[in-house]
Amino acid sequence: MAYTCPKCGWKHKPSQEKYYRAKGLEKPICEDCNPSLKQRLASMRKGSIVNAFSNTYMGYGPLASIPYTPVILLIPAGLTYFFQGGVVNVLSFLCFLLGWVGNYYVATKVGDKLRTRLFRGESVCLIILGYYTPLLLIVIGVVIAFLTI
């Protein structure tokens, strides 16, 4: 039994392909069966956005969370500036671990929201902008701090 596409009704069997070729007809342009270039590019864009927030990259968590890695690594350094003694090591390790896990958790939750919105055909610009806004504010704050010193 041949596979029949639920969207366009195309049966993937040799007899139907011969029939269409003999009549000079083209296969239906369906995203699943025979996607056009525009449909392939749209699905590649959706897939790359979803994969950037879902897949892990060499232990760093999702690929989209890599810009937050320097911030997570600098949080323990900031703690050593404010605290002294043996508590610093434990506190800095806990803050590093909480930052790492929190970053991974937030990135995957954002990825889930992006996936549902992309496959519904809605815009995702505000979600991505909202995800990177704290990083932008941190960078602006650091630049202002260095300019005032």
Side-chain angles (χ1 to χ4, degrees), residues 1-14 16-17 26-149:
M1 186 163 163
Y3 169 75
T4 303
C5 179
K7 290 184 180 178
C8 65
W10 174 261
K11 290 186 190 310
H12 291 273
K13 59 183 184 179
Q16 188 164 4
E17 290 177 12
E26 292 185 18
K27 281 185 181 179
I29 297 177
C30 171
E31 240 181 277
D32 295 337
C33 297
N34 187 21
S36 66
L37 179 63
K38 183 179 178 182
Q39 290 169 333
R40 277 186 286 198
L41 290 176
S43 67
M44 283 174 43
R45 182 185 62 85
K46 287 178 189 177
S48 65
I49 291 172
V50 169
N51 288 340
F53 282 90
S54 299
N55 293 346
T56 58
Y57 179 73
M58 294 173 44
Y60 287 109
L63 187 64
S65 69
I66 290 177
Y68 279 104
T69 303
V71 174
I72 292 170
L73 293 173
L74 289 176
I75 289 173
L79 284 175
T80 58
Y81 181 75
F82 292 111
F83 297 104
Q84 278 85 28
V87 178
V88 174
N89 293 332
V90 175
L91 262 173
S92 64
F93 178 72
L94 283 175
C95 284
F96 171 74
L97 194 62
L98 286 174
W100 198 268
V101 171
N103 186 25
Y104 184 81
Y105 179 76
V106 168
T108 53
K109 286 296 177 186
V110 168
D112 292 342
K113 285 185 180 186
L114 286 174
R115 178 181 293 119
T116 57
R117 292 196 75 173
L118 276 173
F119 290 123
R120 278 191 273 161
E122 298 173 1
S123 176
V124 294
C125 294
L126 289 176
I127 294 175
I128 293 174
L129 183 67
Y131 179 72
Y132 287 115
T133 299
L135 182 65
L136 183 67
L137 292 175
I138 290 170
V139 168
I140 290 171
V142 168
V143 167
I144 291 172
F146 278 124
L147 290 176
T148 58
I149 291 179

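If you're wondering where the values come from, they're calculated on a predicted model, not measured in any experiment.
- By the 4.5 Å heavy-atom criterion applied to side chains, F53 and S65 are not counted as neighbours.
- Here the side chains of I72 and F96 are in contact, with some heavy-atom distance below 4.5 Å.
- Remark: R45 pairs with no residue by the salt bridge (Lys or Arg N to Asp or Glu O under 4.0 Å) rule, at least two apart or across chains.
- Evaluation of the side chain to side chain contact (heavy atoms under 4.5 Å, CB included) rule for V101 yields no partner, not counting sequence neighbours.
- Judged by distance alone, the side chain of N51 and the main-chain N or O of G47 form a donor-acceptor pair under 3.5 Å.
- Legend: residues meeting side-chain hydrogen bond (donor to acceptor under 3.5 Å, both in side chains) with D112, ordered by chain and number and at least two apart, are R115.
- The environment of CZ in F146 is sparse: at most 12 heavy-atom neighbours from other residues, nucleotides or ligands sit within 6.0 Å.
- Sorted pairs that involve residues 132-149 and meet side chain to side chain donor-acceptor pair (under 3.5 Å), not counting sequence neighbours, are lacking altogether.
- The 12-atom threshold is exceeded at CG of L147, counting heavy atoms of other residues, nucleotides or ligands nearer than 6.0 Å.
- In this structure, the separation between CD1 on I75 and CG on L98 is 9.5 Å, given to the nearest 0.5 Å.
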Practice task
Decide yes or no on side-chain contact (heavy atoms from CB on, under 4.5 Å) for N89 and F93, but give the supporting numbers first.
Solution key: CA-CA 6 Å; N89 293 332; F93 178 72; over 6 Å; no
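- When the side chain to side chain contact (heavy atoms under 4.5 Å, CB included) test is applied to I127, the partners found at least two apart in sequence or on another chain are V110, K113, L114, R117.
- S123 contributes atom OG, which lies 9.0 Å from atom CG of L118 (distance to the nearest 0.5 angstrom).
- Here I138 contributes atom CD1 and L74 contributes atom CG; the two are 10.0 Å apart, rounded to the nearest 0.5 Å.
- For the side chain to side chain contact (heavy atoms under 4.5 Å, CB included) test, residues two or more places apart in sequence or in another chain that qualify with L136 are I140.
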Practice task
May I have the step-by-step check of side-chain contact (heavy atoms from CB on, under 4.5 Å) for Y131 and V106, ending in yes or no?
Solution key: CA-CA 9 Å; Y131 179 72; V106 168; 3.9 Å; yes
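- Taking the centre of each ring, W100 and Y104 stay at or above the 6.0 Å mark.
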